[in-house]
Amino acid sequence: MRDEDPGFQVTPVRAMAEALPAPHWPNRPTTLAETMRVVGQLGERFVVSGAEHRDGWLAATALSDAEIAGEVAARGRAAGVEDAKAAAVLFLQTYAYRVAAPLLAAWVLFGRLPDVSAGNVLLRFGADGRPSALALREPRMTGLPQDRLPDAEGAASDDLTGAAIRLLLAEHLLPLHDRVRAQYRLGGLLAKGAVTSQIGLILTWIDTHSRVPWARTAGIGLDLFERSGDSLAGQGRAGEMLHLSSGGTEGIAFRRGTCCLAYKAPHKGYCGGCPLKKPAEIRASQEKKFAERPTGGLLGDWQPSPVP
């Protein structure tokens with residue numbers, strides 16, 4: 001896909017894979033608590049709460065089929081959607097975003113993976129069926145060798161992509177995906193697209209709201225999608241990452257390969273990654289995002305410490 005205007009170019013990230021550098025992180029916070037505090041500055045869905053007071057929290061592993069049905073129904077009512085399949089997709093999307101956002105942001109910003117496996121996650125749900133808060137049972141994270149933090153139980157790995165696939169997908173989102181898909185008889189691509197699209201949209205949000213080089217975010221996302229294969233069908237039928245360039249400014253976006261059924265909600269137009277968007281609409285949206293980028297530090301108001 002390429003826009004006819006030579007001043008605005010849209011190219012699949014996969015076509016640029018060989019030019020993407022390996023990520024590195026020269027400056028990082030010295031604790032997991034500070035890492036997650038910075039991550040939380042990206043938005044409320046990136047915040048990891050303290051779980052000192054366990055009242056009102058639901059363990060992700062304790063989410064029953066009946067509770068899933070209740071949250072799906074709540075999500076449908078809040079969105080004005082009567083179709084149960086559409087409500088289930090909306091629930092799966094909001095759940096996937098809330099769980100994946102802290103991990104993906106910590107990975108892109110600092111090369112660290114907080115443990116968001118289902119066994120380590122506590123959730124609170126709002127009246128609208130969205131996970132309104134997320135906490136970790138234990139301060140655990142996976143990082144590169146030599147990245148040790150005093151306030152976290154750490155696991156070292158040279159393969160952060162493989163660790164992310166295990167923590168985020170194999171041990172949390174994919175089992176939930178399978179349950180929701182079976183419970184509501186969702187098509188395979190529809191259900192996979194609900195998870196894949198949220199990963200893509202999170203990466204797009206990080207690219208827009210931080211000063212991280214677009215190539216690092218794109219490279220992490222591409223590797224995750226490629227190695228996840230058919231379990232996500234990213235960079236394929238469920239969607240793909242795009243590189244966008246306008247007036248010397250570069251960034252990324254995600255284009256779904258399947259419909260998210262958002263159109264079934266009253267007064268709802270395109271979703272963030274709708275494949276039906278025309279080049280002019282993509283350009284207008286992306287140029288607005290370029291203008292919103294912070295002007296200093298990784299997140300506008302946070303400067304990494306200089307490397308000694």
Side-chain angles (χ1 to χ4, degrees), residues 13 17-42 46-51 99-122 134-173 199 202-203 205-207 209-229 241 252 294 296-308:
V13 168
E18 293 184 0
L20 297 177
H24 73 285
W25 298 270
N27 299 288
R28 294 185 285 193
T30 57
T31 65
L32 180 61
E34 177 67 5
T35 297
M36 301 318 298
R37 186 192 71 79
V38 175
V39 164
Q41 294 179 32
L42 281 166
F46 292 80
V47 172
V48 173
S49 304
V99 171
L103 179 142
L104 291 173
W107 184 6
V108 170
L109 296 180
F110 303 120
R112 291 170 175 161
L113 306 175
D115 182 356
V116 295
S117 61
N120 199 43
V121 166
L122 301 171
L134 180 147
L136 303 181
R137 286 180 178 273
E138 302 293 340
R140 297 199 297 257
M141 75 104 189
T142 297
L144 295 171
Q146 312 305 320
D147 185 17
R148 303 297 186 184
L149 302 180
D151 62 339
E153 178 185 338
S157 176
D158 284 316
D159 181 13
L160 294 184
T161 300
I165 290 172
R166 176 178 58 82
L167 293 170
L168 177 63
L169 300 180
E171 297 182 5
H172 200 148
L173 293 185
I199 292 174
I202 291 165
L203 293 170
W205 182 273
I206 295 169
D207 178 67
H209 293 84
S210 76
R211 298 290 293 172
V212 172
W214 74 266
R216 183 198 299 174
T217 310
I220 286 173
L222 181 62
D223 196 37
L224 178 64
F225 285 139
E226 291 286 332
R227 289 181 55 186
S228 298
M241 292 180 61
I252 62 171
L298 287 178
L299 296 164
D301 64 345
W302 183 82
Q303 285 282 352
S305 301
V307 177

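In this chain, residues are counted from 1 in sequence order.
Expressed to the nearest 0.5 Å, how far CG of L149 lies from CZ of R28 amounts to 8.0 Å. A distance of 11.0 Å separates CG in L222 from CD1 in I220, rounded to the nearest 0.5 Å. The distance from the CZ atom of F46 to the CE atom of M36 is 10.0 Å, given to the nearest 0.5 Å. To the nearest 0.5 Å, atoms CZ (R137) and CG (L122) are separated by 5.0 Å.
The heavy-atom pair separating S49 from A135 by the smallest distance is O-CB, 3.3 Å. Across all non-hydrogen atoms, the minimal contact from A100 to I202 is CB-CD1, 3.7 Å. Scanning both residues, M141 and G143, for their nearest heavy atoms gives SD-N, 3.9 Å. Looking at every heavy atom in both residues, L42 comes nearest to I206 through CD1-CG1, 4.1 Å. Here the closest heavy-atom approach between residue A163 and residue L113 is recorded as CB-CD1, 3.6 Å. Minimum interatomic distance between G219 and L20 (heavy atoms only, all atoms of both residues): CA-CD1, 3.7 Å.
For the pair R166/T142, a side-chain contact is recorded, criterion being any heavy-atom separation below 4.5 Å from C-beta on. L169 has its side chain within reach of I199: a pair of non-hydrogen atoms, C-beta onward, lies under 4.5 Å apart. Two residues are said to be in side-chain contact when any heavy atoms from C-beta on lie closer than 4.5 Å; P114 and V48 fail this criterion.
Among residue pairs with one or both ends in residues 99-114, those qualifying as salt bridge (Lys or Arg N to Asp or Glu O under 4.0 Å) are R112-D147; sequence neighbours excluded. For residues 153-164, the salt bridge (Lys or Arg N to Asp or Glu O under 4.0 Å) pairs, not counting sequence neighbours, are D159-R227.
Taking W25 as the reference, nothing meets the ring-ring contact (aromatic ring centres under 6.0 Å, His included) condition, with sequence neighbours excluded. D115 pairs by the side chain to side chain donor-acceptor pair (under 3.5 Å) definition with S117, R140, not counting sequence neighbours. Checked against side chain to side chain donor-acceptor pair (under 3.5 Å), T161 has the following partners two or more places apart in sequence or in another chain: D223. Here T31 pairs with A33, E34, P150, D151 under the side-chain contact (heavy atoms from CB on, under 4.5 Å) rule; sequence neighbours left out. Taking the side-chain contact (heavy atoms from CB on, under 4.5 Å) definition, one finds that A218 meets it with V13, W214, M241, I252, sequence neighbours left out.
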May I have the list of side-chain donor-acceptor pairs in residues 103-111 shorter than 3.5 Å, sequence neighbours left out?
none

